[in-house]
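In what follows, chains carry the letters A, B, and so on, assigned in the order in which the sequence lines appear, proteins first and then strands, with residues in each chain numbered from 1. As the structure is a computational prediction, the values presented were derived from the model and not from experiment.
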2 protein chains.
Amino acid sequence: MPIASTRNLIIEKADALFYEGGFEATSFADIATAVGISRGNFYHHFKTKDDILDAVIVLRMERTRAMLDGWQAEGEGPRERILSFIHMLIANRAKIMAFGCPVGTLCSELAKLDHAAQKRATEILGLFRDWLAGQFHALGAGDQAEALALHLLAWSQGVAVMATAFRDEAFICSEVAGIERWMANATSLSHPV
Amino acid sequence: MPIASTRNLIIEKADALFYEGGFEATSFADIATAVGISRGNFYHHFKTKDDILDAVIVLRMERTRAMLDGWQAEGEGPRERILSFIHMLIANRAKIMAFGCPVGTLCSELAKLDHAAQKRATEILGLFRDWLAGQFHALGAGDQAEALALHLLAWSQGVAVMATAFRDEAFICSEVAGIERWMANATSLSHPV
DNA sequence: GAATTATTAGGACATTTGTCCTAGGGCGTC
DNA sequence: GACGCCCTAGGACAAATGTCCTAATAATTC
């Protein structure tokens, strides 16, 4: 856990505000107010808004890596690890219904803004993809591992978008159940989708 | 086809700009420039930015309804109609890779902005859901029809998000092929997912 | 304790934002 | 030809935006 320096506080609050309100709609003033510092102080830590975005992406990458490493170290099998990933949809359902998936919505927004950081944001999705591919590989999926990983990522992204649009908690649960059924079906894993 | 009045031109351009740049990031000036009129003229047609958004949503609803009605009238069976829906992912892949799904990204953005129009935007997704549910019902899915419709909608939304993030055309194609396989499998249709 | 650096507050700056007003031009109707 | 009405241009307006400067304070180093 990093020290609670002003800089880290800014990144923390910016992370939440970018998630809950979007990058474009969140202003310097919003973040400064949330942190409780003056706008002038802000400039000492971050020269531009894009610099904050970069820092937020770095933070999210570190947290994602830490989360994946944590699941990896828990000692259970790849099937259980994949379920840990999927159950994020349940654990974070309230926030997902309100704001969507933090990574997916950021990638979408940055794509529309034609923002240089979009590539880096996508790398977070890449972390999930590679980690999931590793799990599927361990399950014996062979060269289908990455395709299965991408498919599962897309599935969860779709659930997040729909859950946000319809504010439908039951839908999240039924889709997660569907993924669990899909995971339990060994045949599906050698023949993707 | 509506007449090309200034008002309709504004809605048309706003529709494209909202899609390609996002609602929040698109300004009055952007739309006025795209249409080729002065900002003052603008106000005569739309009092607020939200009014334009409403008009854009109405336009998209009409176009969606027209598209669905068109597929309905083509005389083929429900299975072919559902495939028409899915093949939008292929037909619009260039735009989807650049800007995502017009409806999904709008719903996500409006959710973050806590915008009053989010509900209306979601109704466009509702049109697709109800139409798809009708097709699944015609396929004999019974009371599973709506669940299947939501699942397929989520699937396509997920593909759109991933395609945007990774700019991956091959992924779109392979997922569409997966959906076609899923559609061809009658067993899946009585046991969703 | 002095010197240097890091951090802070407050505000300036030009630009852009959404919104709104006014004045005039083009139009058809009496 | 005069009237009224829709449409248009241009700009005014306060507020907010990202960016940047200066001066004062706090912390660290010697």
*asked:* Check this one for me: any side-chain N or O of A:Tyr43 less than 4.0 Å away from OP1 or OP2 of D:dT19?
replied: no
| query | Between C:dT17 and B:Ser27, is there an OP1 or OP2 to side-chain N/O distance shorter than 4.0 Å? | reply | yes
By nearest-heavy-atom nucleotide on DNA chain C, the more 5' of A:Gly40 and A:His44 is A:His44
Checking D:dG18, D:dA9, C:dG10 against the side chain of A:Ser38 (C-beta onward), the nearest is C:dG10
Taken to the nearest whole Å, CZ/A:Phe23 to C1'/D:dG18 is 11 Å
Whole-Å distance, A:Arg7 CZ to C:dT8 P, equals 12 Å
A:Arg39 has its side chain closest, among C:dT8, C:dG18, D:dT19, to D:dT19
Q) Under 4.0 Å between a side-chain N/O of B:Thr6 and OP1 or OP2 of D:dC7, yes or no? A) no
If we ignore hydrogens and angles and just use 3.5 Å, is the side chain of A:Tyr19 paired with the main-chain N or O of B:Lys112 as donor and acceptor?
no
Margin query: Under 3.5 Å, is there a donor on one side chain and an acceptor on the other for A:Trp155 and A:Glu175?
Written below: yes
task = Indicate whether any N or O donor in one side chain lies under 3.5 Å from an N or O acceptor in the other, for A:His87 and A:Glu180.
result = yes
Rounded to whole Å, the NZ-C1' distance (B:Lys49 to D:dA15) equals 15 Å
In whole angstroms, the gap separating C1' of C:dT7 from CG of A:Asn8 amounts to 15 Å
Taking every heavy atom of B:Gly100 against every heavy atom of B:Thr164, the minimum-distance pair comes out as CA-OG1, 3.1 Å
From CZ of A:Phe46 across to P of D:dT17 the rounded distance in Å is 19 Å
Quick check: are there more than 12 heavy atoms from other residues, nucleotides or ligands sitting under 6.0 Å from NE2 of A:His115?
yes
When rounded to whole Å, the NZ to C1' distance for the pair B:Lys47 and C:dC21 reads 11 Å
Rounded to whole Å, the NE2-C1' distance (A:His45 to C:dT5) equals 14 Å
Picking from D:dT17, D:dT8, C:dT8, the nucleotide nearest the side-chain atoms of A:Asn41 would be C:dT8
Separation of C:dT7 atom C1' from A:Leu9 atom CG, nearest Å, is 14 Å
